[in-house]
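Only this structure's heavy atoms are used, side chains among them; waters, hydrogens and symmetry mates stay out. In each ligand, atom 1 is the first atom listed, and ligand 1 is the first ligand listed.
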Amino acid sequence: MFALPRIYSGTFMPILLTHAAQLLTLRAPNAGEGPRRGAQMRELGIVEDGAVLIANGKIAAVGATDDVARQLPPERAGLQEIDCRGKVVLPGFVDSHTHPAFTAPRLVDFEKRIAGASYEEVAEAGGGIRSSLRGVREASTADLAQHVLHALRQMSVQGTTTVEAKSGYGLSLEAEIKSLEAIREASRQWRGTLVATLLGAHVVPPEYRGNPDEYVRLLCEELIPQVAERELATYVDVFCERGAFRPEHTQLIFRAAAGHKLGIRAHVCQLTAANLVPLLPFHPASLDHMDFVRDDDLPLLAASNTVATLLPAANYFLGLSTFPPARRLIDSGVAVALATDYNPGTAPTPSMPFVLSAACTQMKMLPAEAITAATYNGARALQLQHRKGSLQVGKDADLAIFDVEDYRELAYWFGVNRCSRTIAMGRSL
Ligand SMILES: [Zn+2]
């Protein structure tokens with residue numbers, strides 16, 4: 001029997017969700033703590049007529065409604081009950097790759113691309129990432145924080161409760177630190193969980209064009225130490241790609257990050273194939289995009305705990321006919337996560353349900369695989385699997401309630417928001 005708090009304050013009022021048509025616990029008894037791979041990605045741990053008891057921001061009980069009800073004291077005054085009949089309840093989405101620290105949409109790029117310009121041609125014409133620099137460099141921290149907060153709220157109404165947020169549109173010591181301060185400020189005003197990442201190595205800024213070595217030195221010797229010292233980020237990310245940072249630069253930046261006890265992740269294989277062999281010894285939590293991953297690297301990835309985070313919304317928005325090779329990766333035993341890549345240039349969407357739709361229709365992931373990729377494996381990509389990504393006693397009470405009766409509908413409907421309620425750390429968002 002649970003001892004419920006006798007006095008229920010607004011913050012700690014226990015919540016009981018009952019009668020969910022399908023409760024997706026994402027429990028996989030034989031999977032262990034590692035990321036889910038292969039057939040494990042299809043195990044959603046579904047409980048029909050399911051219930052979840054939430055107390056003090058944590059999950060206190062999970063199971064069939066009858067079983068959970070039997071464990072409660074008869075006196076239930078102050079317990080908030082939410083009837084989930086006809087609904088699917090699942091762990092809140094973990095959007096493990098976003099770039100929300102920007103100030104304006106990139107509408108000129110949008111039109112240029114429609115007229116036929118490539119990603120690199122847009123950048124050459126002064127568009128692309130560099131065109132977001134001015135807005136961020138001129139913005140105040142408070143203004144930038146409002147933009148980040150606006151994005152977080154748009155994400156959470158569609159079921160997202162944990163977000164990884166990158167800097168990367170400042171690209172100077174001051175503007176990158178300001179971006180991370182804005183992310184921190186926004187996280188204080190949002191009930192979900194935010195993980196900050198320093199993406200100082202997004203592209204080489206105009207001041208260092210022709211001298212990328214000097215910019216990498218600034219990152220390694222000044223920016224990374226300051227960010228670590230002030231605990232402004234958990235991860236360091238690098239855009240390792242033709243026209244951005246070479247593998248040798250990426251290794252230098254990874255080494256500096258590891259030296260300051262920061263986690264490591266990277267954008268790789270988005271436009272061209274990269275050799276992952278020099279990067280994997282750094283144990284990146286995640287390698288993201290992976291459109292052009294080499295066959296030789298698949299067994300190495302499958303043998304590691306590095307998650308491949310796929311971002312199909314970018315392919316959709318760029319109007320590409322090819323998408324990340326999810327089937328090749330999953331069938332090779334590589335752990336796959338899905339994220340929005342929310343950003344002003346290539347993926348202006350806050351919607352994880354849209355990403356599920358794209359994953360199923362364009363990358364041939366099964367709906368169950370896409371849900372695992374967007375919850376448990378997303379948590380694994382942020383090394384938060386002990387707190388997030390599944391509905392188990394003791395984990396954070398992060399849940400999304402969808403107005404559908406079957407989990408496959410999460411990926412089936414698109415262009416409409418079926419999320420009826422999001423709960424983060426035990427409180428409605
Ligand atoms: Zn990105």
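- The atom of H99 that is an N, O or S and sits closest to the Zn ion (ligand 1) is NE2.
- Among the atoms of D288, no N, O or S atom falls under 2.8 Å of the Zn ion (ligand 1).
- Side-chain N/O atoms of S428 and R421 include a donor and acceptor closer than 3.5 Å.
- Under the 3.5 Å distance criterion, with hydrogens and angles disregarded, no donor-acceptor pair is assigned to the side chains of S96 and E164.
- Separation of the Y316 and F323 ring centroids does not fall under the 6.0 Å cut-off.
- With the Zn ion (ligand 1) as vertex, H267 NE2 and D341 OD1 subtend 170°, rounded to 10°.
- The nearest N, O or S atom of H289 is not closer to the Zn ion (ligand 1) than 2.8 Å.
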Check the pair Y407 / F402 against ring-ring contact (aromatic ring centres under 6.0 Å, His included), numbers first and verdict last. CA-CA 9 Å; Y407 73 87; F402 274 75; over 10 Å; no

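- When the N, O or S atoms of H97 are ranked by distance to the Zn ion (ligand 1), NE2 comes first.
- Ring planes of Y169 and F102: perpendicular class, angle over 60° (limits at 30 and 60°).
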